[in-house]
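In what follows, a structure is listed as structure tokens, so that the remarks can point back to it.
Each residue takes its place number in the sequence, starting with 1. Source: prediction; values computed, not measured.
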Amino acid sequence: MSRVLIVGAGLTGSVCACLLRREMTNRVNIVVWDKSRGAGGRMSTSRSPSDASCTVDLGAQYITATPHYAQIHHSFYEELLASGVLKPLVSLAEGELMKVGDHKNYTAPLGVSSIVKHFLKQSEAEVLFDRHVTHICQKGIRWEACPKGGQPEQFDAVVLTMPVPQILQLQGDVGSLLEGSLRQQLEAVSYSSRYALGLFYQAGAHIHVPWAAKYIADNPCIRFIAIDNKKRNLEPSECGPSIVVHTSVPFGMKHLEEDKDQVGPIILEELNKLLPGLPEPHSIKCQKWRYSQVTSAVAGCPGQMTLLSRPLLVCGGDGFTHSNLDGCIESALKVCAVLKSSL
């Protein structure tokens with residue numbers, strides 16, 4: 001039985017693990033490592049420290065399926081809808097037209113991280129958090145992965161699904177494989193950067209705005225605001241309200257190297273100007289997204305990049321396609337095809 005390590009418990013990694021389990025049952029031992037404390041990656045849902053039912057999506061906000069992907073990824077959408085992980089989005093955002101018409105928009109009632117958790121559960125993988133991989137070294141016909149502060153372990157194949165700049169930072173034998181055109185292709189991948197601010201309120205607090213989400217066009221700091229429980233179409237009695245604020249990309253770039261504890265109050269001050277009279281939140285979380293969305297993917301969007309065939313080392317993620325659910329599914333399908341042919 002082949003032992004496969006997937007680095008990254010985000011959407012690409014979770015779908016890849018799920019596909020491997022379904023298509024190579026009893027042939028693979030799947031292990032998922034992530035440097036964070038929980039699953040989701042940039043599909044992150046954060047809980048209030050005092051009320052587990054009060055949550056906020058700090059990364060992706062909703063899912064949009066084009067007619068093309070709604071057809072070719074039909075089975076994925078049907079699975080998520082049937083399990084209740086996704087539901088049709090009934091509250092359109094103000095300030096900017098969302099993609100409507102033939103496009104289908106969905107929300108995740110339990111938060112967007114529930115999409116990732118669904119596929120991880122289906123994969124039956126051994127999922128370990130606080131595992132920050134720093135070195136990937138070849139040991140004969142296997143790879144040895146070294147987590148920061150932990151013991152190295154060996155695998156028959158390794159899948160890297162973290163943002164491309166983090167792949168380029170890996171030490172060990174990865175650097176020698178990334179030479180010439182491969183390195184040039186990866187170094188050309190670029191991302192936007194932004195901050196997200198999550199505000200949690202006590203049950204019974206009222207947020208007096210007529211919309212569930214709103215795009216802000218003329219503010220140098222804030223680009224998007226959502227009342228998360230309204231966005232997910234949850235009744236007020238089901239949880240305390242929460243608000244998520246996404247900054248503009250220029251603001252994110254300007255403050256990228258600053259401490260998020262210093263940036264959070266700046267965003268909050270601007271929010272209170274836009275929405276005066278907000279109740280006092282009982283807790284706040286500020287998230288820095290250094291790698292928010294891919295602005296330039298690997299040329300040709302191949303879905304994956306195989307660095308070595310024997311032993312297999314393959315890269316995937318939205319840096320090889322595009323930054324949405326369908327891009328990550330597309331990459332996972334390509335990576336899984338490589339794994340099947342190799343193993």
Side-chain angles (χ1 to χ4, degrees), residues 5-17 32-46 57-61 112-113 115-116 119-120 127-136 145-148 158-172 174-175 177-178 182-196 246-247 249 252-253 255-257 260 286-307 313-332 334-335:
L5 172 65
I6 298 174
V7 183
L11 186 54
T12 303
S14 66
V15 175
C16 184
V32 179
W33 286 359
D34 196 282
K35 68 177 184 178
S36 300
R37 290 180 294 175
R42 280 166 283 159
M43 301 192 81
S44 169
T45 303
S46 184
D57 291 326
L58 291 178
Q61 294 296 302
V112 290
S113 68
I115 302 171
V116 174
F119 288 117
L120 282 178
V127 184
L128 298 172
F129 299 108
D130 292 315
R131 293 291 181 99
H132 182 185
V133 176
T134 58
H135 294 67
I136 302 286
C146 305
K148 185 177 182 179
V158 173
V159 180
L160 305 174
T161 70
M162 63 273 248
V164 170
Q166 295 178 356
I167 295 175
L168 290 168
Q169 293 167 8
L170 285 171
Q171 301 178 53
V174 177
L177 298 174
L178 290 172
L182 287 183
R183 178 171 289 276
Q184 290 176 0
Q185 289 182 68
L186 294 187
E187 288 178 342
V189 176
S190 60
Y191 295 77
S192 61
S193 301
R194 70 178 76 239
Y195 281 85
H246 278 192
T247 71
V249 171
M253 292 299 297
H255 298 276
L256 186 59
E257 302 307 328
K260 62 182 182 182
C286 186
Q287 174 72 48
K288 180 193 295 187
W289 293 114
R290 184 177 293 272
Y291 308 114
S292 177
Q293 290 180 298
V294 175
T295 54
S296 179
V298 169
C301 295
Q304 61 84 28
M305 179 182 286
T306 301
L307 301 185
L313 179 62
V314 59
C315 306
D318 59 352
F320 300 85
T321 51
H322 43 90
S323 287
N324 55 22
L325 182 141
D326 290 296
C328 293
I329 290 175
E330 195 73 15
S331 178
K334 296 290 181 63
V335 170

Nearest 0.5 Å, please: how far is [atom2] in [Y] from [atom1] in [X]?
| X | Y | atom1 | atom2 | value |
| --- | --- | --- | --- | --- |
| Glu330 | Asn324 | CD | CG | 10.0 Å |
| Ile329 | Asp318 | CD1 | CG | 13.0 Å |
| Leu313 | Leu5 | CG | CG | 10.0 Å |
| Arg194 | His255 | CZ | NE2 | 14.0 Å |
| Thr161 | Gln166 | OG1 | CD | 9.5 Å |

Judged by modelled atom types alone, do Ser192 and Thr295 share a side-chain donor-acceptor pair under 3.5 Å?
no
Heavy-atom closest contact ([X] atom, [Y] atom, distance):
| X | Y | answer |
| --- | --- | --- |
| Ser36 | Asp34 | N-OD1, 2.8 Å |
| Ser44 | Gly41 | CB-O, 3.4 Å |
| Leu120 | Ala39 | CD1-CB, 3.6 Å |
| Gly10 | Val116 | O-CG1, 3.7 Å |
| Tyr191 | Gly319 | OH-CA, 4.0 Å |
| Ile136 | Ala145 | CD1-CB, 3.9 Å |

Taking C-beta and beyond as the side chain, do [X] and [Y] meet within less than 4.5 Å on heavy atoms?
| X | Y | result |
| --- | --- | --- |
| Leu170 | Met162 | yes |
| Lys35 | Lys148 | no |
| Arg131 | Val7 | no |
| Leu178 | Leu307 | yes |
| Met305 | Leu186 | yes |
| Ile115 | Leu11 | yes |

Under 3.5 Å, is there a donor-acceptor pair between the side chain of [X] and the main chain of [Y]?
| X | Y | answer |
| --- | --- | --- |
| His246 | Leu58 | yes |
| Thr45 | Ser113 | yes |
| Ser292 | Ser193 | no |
| Gln287 | Trp289 | no |
| Asp57 | Val112 | yes |
| Ser323 | Val294 | yes |
| Thr321 | Ser331 | no |
| Thr134 | Cys146 | yes |
| Tyr291 | Val164 | no |
| Arg42 | Gly59 | no |

